[in-house]
2 protein chains.
Amino acid sequence: MLRQPPLQPRKQATQARSARTVENILEAAARILEGLGFEGYTTNAIAAKAGVSIGSLYQYFPNKDAITIALIKRETARLLADVTMAAAERDWRVAIAKMVEAGVVHQLRRPRLAWLLDVEEGRLREQSSGMQIVNAMHLKLVEVLMKSQIDLREGAVVVAFDMMAITRGMTDMAGTRGETDTGALLNRVLRAVFRYVGIDKED
Amino acid sequence: MLRQPPLQPRKQATQARSARTVENILEAAARILEGLGFEGYTTNAIAAKAGVSIGSLYQYFPNKDAITIALIKRETARLLADVTMAAAERDWRVAIAKMVEAGVVHQLRRPRLAWLLDVEEGRLREQSSGMQIVNAMHLKLVEVLMKSQIDLREGAVVVAFDMMAITRGMTDMAGTRGETDTGALLNRVLRAVFRYVGIDKED
DNA sequence: AGATAAAACGAGTAAAGGCTCATATTTTTT
DNA sequence: AAAAAATATGAGCCTTTACTCGTTTTATCT
């Protein structure tokens with residue numbers, strides 16, 4: 001079988017090494033944020049930690065914020081997937097429990113990173129709009145609440161925000177304090193969230 | 001009654017205008033943080049907004065962080081006072097309710113400022129130690145919990161942190177969303193906090 | 001009024017850090 | 001093997017910004 005010579009110069013598929021470079025840059029950025037906070041979070045430091053020249057870094061990201069945004073997307077992807085799965089559960093109690101669990105697990109995996117990225121997301125929200133994850137989760141949670149038998153005097157929107165706020169608040173605090181027992185924390189968060197909406201579910 | 005001539009040149013009392021300058025600087029810093037976030041938070045901008053030269057600013061503050069620390073102290077003073085008063089209440093239910101109220105009111109008065117100062121406090125904590133307000137509040141809350149009949153299986157320390165986390169999480173979220181009805185928010189936070197510890201107190 | 005201390009001033013310095021671009025290396029294609 | 005495309009390099013430009021210091025203005029004291 002003869003190979004057809006392409007009519008147009010074939011769009012060069014991305015080489016494997018460039019993908020590796022991008023990954024290295026993102027992970028270096030994550031590690032610097034975790035280790036040094038915003039202080040040491042400079043493009044030169046990121047490039048150095050990634051074992052890549054500063055020029056290469058700017059070949060893949062137009063500016064520093066783009067790195068942060070990509071990192072947020074990367075760290076957020078699993079959370080969004082888990083929440084979406086959870087929201088599809090038949091039993092709304094299970095759905096809520098799993099959504100809460102997704103949030104807790106996400107935020108306790110790399111607590112400092114999650115926290116710092118939240119701060120950055122807040123800053124970036126002002127300049128470029130963009131469906132943040134908070135809104136995405138909120139939307140799904142409201143859907144679930146509508147199907148539930150929870151007292152929605154305050155409105156599903158408000159209750160959903162409150163449930164997210166409780167989860168985030170407790171998990172942030174736990175992360176700051178260095179708690180690592182996800183199970184224990186999850187139990188407390190579930191108790192707080194379910195009792196808040198008037199359901200005393202001890203399991 | 002004859003006035004004793006002072007043996008040493010009397011320590012020159014601070015003039016009124018210097019006190020005004022310091023106040024102007026702090027308020028300018030607060031306003032810039034509120035309006036522009038960390039982006040515009042530069043010493044030159046602060047001095048300009050305060051209507052003061054950059055030289056004067058550095059006459060009263062050795063460096064930029066000192067301004068932030070002074071601002072944190074200023075914003076935090078009332079909160080600490082309120083919490084201390086609240087903790088002294090006889091009835092522990094009232095004590096807890098008032099402590100929660102103090103937190104909510106504080107954080108909803110200038111929400112963005114409170115949030116940004118929290119972030120800064122976290123950053124500064126790492127370098128210079130110093131009794132942050134979170135610890136002070138926590139201490140008092142633990143005391144109150146000890147006198148209460150609340151189920152402390154998880155330990156007073158953990159329960160106290162959870163209560164604070166719930167309060168802060170919900171109020172932060174409310175502030176971010178632009179909620180301004182303190183009363184409505186306070187009701188929800190009280191419900192969340194009291195129900196979390198197994199007390200269903202509808203008032 | 002004159003002397004002294006306190007407060008204010010702001011041009012300028014130095015360092016940090018985001019980012020560019022001309023060049024070099026590696027990989028792919030023909 | 002040669003050409004072309006993709007990828008990598010890093011010295012250095014340029015802006016921003018924390019902070020200094022020599023000078024001037026204002027207030028206080030005798």
Shortest non-hydrogen contact from [X] to [Y]?
X	Y	result
B:A102	B:V83	CB-CG2, 4.0 Å
A:L116	A:G37	CD1-CA, 4.1 Å
A:I166	A:A192	CG2-CB, 3.9 Å
A:F194	A:A97	CZ-N, 4.1 Å

Side chain to side chain, B:R74 and B:E23, heavy atoms closer than 4.5 Å:
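Result yes, sub-4.5 Å side-chain heavy-atom pair found.
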Would you mind reporting whether A:L33 and A:L117 have side-chain heavy atoms less than 4.5 Å apart?
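Heavy-atom side-chain distance check passes, below 4.5 Å.
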Counting only side-chain N and O atoms of B:S53, is one of them less than 4.0 Å from OP1 or OP2 of C:dG10?
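For C:dG10, OP1/OP2 do not have a side-chain N/O of B:S53 under 4.0 Å.
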With a 4.0 Å limit, can you tell me whether B:S18 has a side-chain N or O closer than that to the phosphate oxygens OP1/OP2 of C:dA6?
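It does not, given that no N or O in the side chain of B:S18 lies less than 4.0 Å from OP1 or OP2 of C:dA6.
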Kindly write out the residues that satisfy side chain to side chain donor-acceptor pair (under 3.5 Å) with B:R17, not counting sequence neighbours, or none if the list is empty.
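Partners of B:R17 under the side chain to side chain donor-acceptor pair (under 3.5 Å) test: B:Q15.
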Without decimals, in angstroms, what is the distance between [X] [atom1] and [N] [atom2]?
X	N	atom1	atom2	answer
A:I25	D:dT7	CD1	P	12 Å
B:L57	C:dA7	CG	P	15 Å
A:F61	D:dT7	CZ	C1'	15 Å

To the nearest 10 degrees, what angle separates the axes at the start and end of the helix from C:dA1-D:dT30 to C:dT30-D:dA1, five pairs each?
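Comparing the axis at each end, I get an angle of 10°.
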Summary of protein contacts for nucleotides 18-25 of chain C, nucleotide by nucleotide, where a base hit scores B, a sugar-phosphate-only hit scores S (4.0 Å, heavy atoms):
BBB-----
Using a distance-only test with no angle check, is there a side-chain donor-acceptor pair under 3.5 angstrom linking A:S56 and A:S53?
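Result is yes, a qualifying pair exists.
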